[in-house]
A.B. asks: 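Quick one: the structure is below, and I'll ask about it shortly.
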Amino acid sequence: MTERQKIINIAVIAHVDAGKSTLVDAFLAQSGVFRDNEQVVDCVMDSDDIERERGITIYSKNCSVMHGDVKINIVDTPGHADFSSEVERIMKTVDTVILLVDSSEGPMPQTRFVLKKSLEAGIDPILLINKIDKKDARIDEVVDEVYELFMDLEASDSQLDFPILYGIARQGIVVRDPEEVKDISIEKGGSKIRKSAKGQDGLDITPLFETIINHCSAYPDKREEPLQLQISTLAYDDYIGRLGIGRITQGIIREGQTLAVAKDGGEIVQKKINQVFVYKGLKRVPVKEAQAGDIVVVSGISDISIGETITDPEDPQPMEMISIEEPTLSMNFMVNTSPFAGKVGKYVTSRHIKERLEKELEVNVGLLVEPTDSTDSFKVSGRGELHLSILIENMRREGYELAVSKPEVIMRRGENNEVLEPVEEVVISVPDEYAGAVISNLNIRKGLMTEMSSSNGFSRIEYMVPTRGLLGFRTEFINETRGEGTLVRRFDSFQEFKGDIPQRTNGVAIAQEEGVATPYALFNTQERVRMFIAPGTHVYEGMIVGMNSRNDDMVVNPCKAKKQTNMRAAGSDDNIKLAPPVIFSLEEALEFINNDELVEVVPDDIRLRKKYLKELERRRNREY
C-alpha cells in the first residue's frame, strides 16, 4: 500500500467582496504553485468570463497547496446569496472553514448564512479579520459582533473557541496581532494599490498555515474500510465527459475500478470508473489511486449526480443525500418569436433551449426546470434574479436566442393553508441625506425596519422586505442615492403574505412599425418619453423604445422621417440634440418589465417588447 499522506480540507467562506479569492491567490503564490516568471492574473480561481467581468465568484472551485508534508485542499466559495447552493453542498467535504470578515463592514447577511451552514455541519471555524489596513477599520468591535453572531446561531463551546487572525489578503499578509502591521506601508502605483500576494516586509500567511495545521488534525487513516465517496460537485470535460467531484470519506479508489453507485431513492447500480484525478495546485492530475480524506475527480460515470455515493459493491454504504434550500423566484424561458428572431443566434428552437436547460440542471443544483402548458416555454426557478440572469447571460454568449418573462416570486402554503411568501433581510448603507427617501420607498414596498444607526455621515439601515417588493428596487435605489449607496440582501424565511405592492407606475412607448429609428422622430418623441434606443436602431412593431412620463402605454413611430421639401433652412437639421438613451443591463431589464412584457435576449443585444406585438392583440388581451 502506498504511504499515507497527511490531508486537510478547508473552505474559504464569507460575504461577497470580503477577499476570499484574493486570499486563495496568496495561498497559491506562497506555496510555490507558480513559476517565478509566471504571469498570474488577480483572483486566479475566478476562471469564468462572467466572474472576471463582474468581480464575483459564482462557482465553488478546488485547488491544493503543500505546507511541509501536509496537503491542504482549498475550496473557494461564492459570497453572493443567489449562489448559496454552491456553499451548502461542499460543507461535508471540508475539515474546517476560514471565515473572512471585513474589518469595517463586520458580519453581513451572507456571513450569517455561510456560517450557519458550517456550524450545522459540526465544523469548528477559524476567523480571519481581513482588510485591517482600511482607514475606517474597527477591529475590536467587529470581533465582538462575530462572537454575538456565533451565539445567535447557537454555536457549541468548541465552535465558540475559534482562533482569530488578522490579515491584508491583497498583500498576502496574515498576523496574530494587528500591531504587527502598524508600521507597514502599502505601496501605491499611480492611484492603484500594488498587490503583492507573496507577502511584504517579511510578513506572509505562515501564521494562517500554522493555525490550520494546529486547529485541524489530519484526516484519520480509514484506508482499510469499504469505499465511500459522496459527489458534491459536477464538472464537464469535452474529451472525457461528465466528472464527479467529492471527498473520499473512507477507503481507497483506483482507476478502472468497478464500483457501486447509490442513487437517490435507494437504488444501487454497478458502474466502472475510468480515471481518478486529484488537485495539485490549480491542475487536475491523474493518479492510479487516491485515499480517504482527499478530494478527487472521477470520470466514466455518464449519469453521476450530486449527492450520490460511490461505494464498495461488496459492502455498499450510502451517505445521506445532500439537501439544498428551495428556489424563491421563477421566470418563463420562451422561444424568441419577434420579427428579428433567428437573425443572430445559432440556437433558436425549443429543443435547443430544453437541451441547454437540462445540461445546466446537471451542474446547477439550486435550479429547477418545469414544463408549462406550451411546448415553447419552460418555467425556470432559482435562488434570485442574479442566479437566473447569470444562466441567461451564459446562454446568450453561447449563441442562444430566447425571450424571458418578468420574474415571479414562488409562494407556499402554510400549515393552516395560509399563503406564505419569501422575505429577505436587507442591509443598506447610504449617505444620511438620502436615508429618508430610501426608508419611504421600502415602507411602500411593505418593508419593516429592524435596525438603524448612523456614523461618519452614513446611515446603516436594516429591513425585512418581501422578495416581491425588491423586484425593481435596485435601479430606483441607485437613482435615489446617486450611486453612493450599497445594498445587500439575503433570503431569510417564508412569512405570511404582506398584501399588494405597487408596481412600476410609468407606462412605456411602443414602436408602431418595423424600420430604422431616425433622429427627427426621436427628437419629437423625447419630450414625453425617456428613450431606450439611439438613432439607427432597428425596431419592430410591439418593441418597447422608451418609458412614458405618464402611467399609460403610448404607441409612437420612431422611424418617421422628415418630409422632403424643396425649401431648406441652413443647418436646421444639425441642431437636433438628443438625450442619451437608457441602456439596460440584463438584470435591469428583468427588473423593469411588467407582466405583459418580455425581455428578448439575443447574442448581440437585449431588447424589451410587449408579449402581444400588435395593438389589436393587446386590446383583446387587456387582462394582461
Side-chain angles (χ1 to χ4, degrees), residues 1-13 20-41 43-45 47 60-77 90 93-98 100 123 126 128 163 165 167 169 171-176 196-200 202-223 229 232-233 245-249 252-253 255 275-298:
M1 191 178 281
T2 53
E3 189 184 338
R4 183 164 171 271
Q5 188 175 31
K6 292 180 187 168
I7 298 168
I8 296 174
N9 297 342
I10 65 168
V12 185
I13 62 171
K20 296 179 295 302
S21 298
T22 307
L23 179 66
V24 176
D25 284 356
F27 269 118
L28 293 164
Q30 294 182 34
S31 56
V33 168
F34 305 120
R35 299 188 312 275
D36 290 342
N37 63 345
E38 191 169 344
Q39 288 287 314
V40 182
V41 295
C43 297
V44 69
M45 294 288 277
S47 52
S60 290
K61 295 183 206 69
N62 302 64
C63 63
S64 80
V65 298
M66 293 295 296
H67 187 73
D69 62 344
V70 181
K71 179 183 183 183
I72 301 175
N73 284 313
I74 304 166
V75 186
D76 183 21
T77 65
I90 57 94
T93 68
V94 297
D95 302 304
T96 189
V97 294
I98 300 169
L100 256 70
I123 290 168
I126 296 168
L128 175 58
L165 296 164
Q171 302 304 117
I173 295 171
V174 174
V175 292
R176 291 189 170 87
S196 165
K198 291 190 175 180
Q200 189 180 327
L203 296 171
D204 54 24
I205 63 166
T206 303
L208 181 54
F209 275 123
E210 290 170 353
T211 304
I212 290 166
I213 289 164
N214 294 335
H215 184 68
C216 291
S217 47
Y219 198 79
D221 189 353
K222 294 188 175 182
R223 291 179 292 175
L229 157 62
S232 59
T233 313
I245 305 169
R247 175 193 224 173
I248 306 171
T249 314
I252 289 178
I253 192 166
E255 68 172 2
Q275 289 174 286
V276 177
F277 301 86
V278 296
Y279 285 96
K280 191 172 181 183
L282 291 165
K283 297 183 177 74
R284 284 199 307 253
V285 181
V287 290
K288 296 289 182 192
E289 66 174 44
Q291 56 182 306
D294 214 346
I295 292 176
V296 297
V297 184
V298 295

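Given the structure is predicted, the values throughout are model-derived calculations rather than measurements. FYI, side chains are in, hydrogens and waters are out, and symmetry mates aren't considered; it's all heavy atoms of this structure.
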A.B. asks: Quick one: side chain to side chain contact (heavy atoms under 4.5 Å, CB included) partners of His215, sequence neighbours excluded?
C.D. replies: Thr96, Asp124, Ile126, Pro163

A.B. asks: Checking Asp69 now: which residues fulfil side chain to side chain donor-acceptor pair (under 3.5 Å) with it, not counting sequence neighbours?
C.D. replies: Lys6

A.B. asks: Rounded to the nearest 0.5 Å, what separates atom CD1 in Ile123 from atom CD1 in Ile10?
C.D. replies: 11.5 Å

A.B. asks: Which value, rounded to the nearest 0.5 Å, describes the distance between Glu255 atom CD and Gln275 atom CD?
C.D. replies: 7.0 Å

A.B. asks: Checking Phe277 now: which residues fulfil ring pair (Phe, Tyr, Trp, His ring centres under 6.0 Å) with it, not counting sequence neighbours?
C.D. replies: none

A.B. asks: So which atom in Pro286 and which in Arg284 form the shortest heavy-atom distance, rounded to 0.1 Å?
C.D. replies: CD-O, 4.0 Å

A.B. asks: Could you go through Val75 and Thr233, starting from their C-alpha distance and side-chain angles, then the distance that decides it, and tell me whether this counts as side chain to side chain contact (heavy atoms under 4.5 Å, CB included)?
C.D. replies: CA-CA 11 Å; Val75 186; Thr233 313; over 6 Å; no

A.B. asks: Would Leu165 and Ile98 count as a side chain to side chain contact (heavy atoms under 4.5 Å, CB included) here? Give the steps.
C.D. replies: CA-CA 10 Å; Leu165 296 164; Ile98 300 169; over 6 Å; no

A.B. asks: Do you know the tightest heavy-atom contact between Gly167 and Leu128?
C.D. replies: N-CD1, 3.7 Å

A.B. asks: Would Ser64 and Val278 count as a side chain to side chain contact (heavy atoms under 4.5 Å, CB included) here? Give the steps.
C.D. replies: CA-CA 9 Å; Ser64 80; Val278 296; over 6 Å; no

A.B. asks: Hey, which of Val65, Ile245, Ile74 is the one that makes side chain to side chain contact (heavy atoms under 4.5 Å, CB included) with Tyr279?
C.D. replies: Ile245

A.B. asks: Taking the side chain as C-beta and beyond, is there a heavy-atom pair between Leu23 and Leu208 under 4.5 Å?
C.D. replies: yes

A.B. asks: Do you know which two heavy atoms are closest between Ser232 and Gly246, and how far apart they sit?
C.D. replies: OG-CA, 3.9 Å

A.B. asks: If every non-hydrogen atom of Ile8 is compared with every non-hydrogen atom of Cys216, which pair is closest and at what distance?
C.D. replies: CD1-O, 3.6 Å

A.B. asks: Which pair of heavy atoms, one from His67 and one from Ile213, lies closest together, and at what distance?
C.D. replies: CD2-CD1, 3.4 Å

A.B. asks: Between CD1 of Ile212 and CG of Asp95, what distance do you get to the nearest 0.5 Å?
C.D. replies: 10.5 Å

A.B. asks: Taking Asn9 for the side chain and Thr93 for the main chain, is one N or O donor matched with an acceptor at less than 3.5 Å?
C.D. replies: yes

A.B. asks: Quick one: side chain to side chain donor-acceptor pair (under 3.5 Å) partners of Glu210, sequence neighbours excluded?
C.D. replies: Arg176

A.B. asks: Are Val70 and Phe209 close enough that some pair of their side-chain heavy atoms sits under 4.5 Å apart?
C.D. replies: no

A.B. asks: For Gly172 and Ala26, which heavy atoms make the closest approach, and how far apart are they?
C.D. replies: CA-CB, 3.9 Å

A.B. asks: Which residues satisfy the side chain to side chain donor-acceptor pair (under 3.5 Å) test with Asp294, sequence neighbours excluded?
C.D. replies: Lys71, Asn73

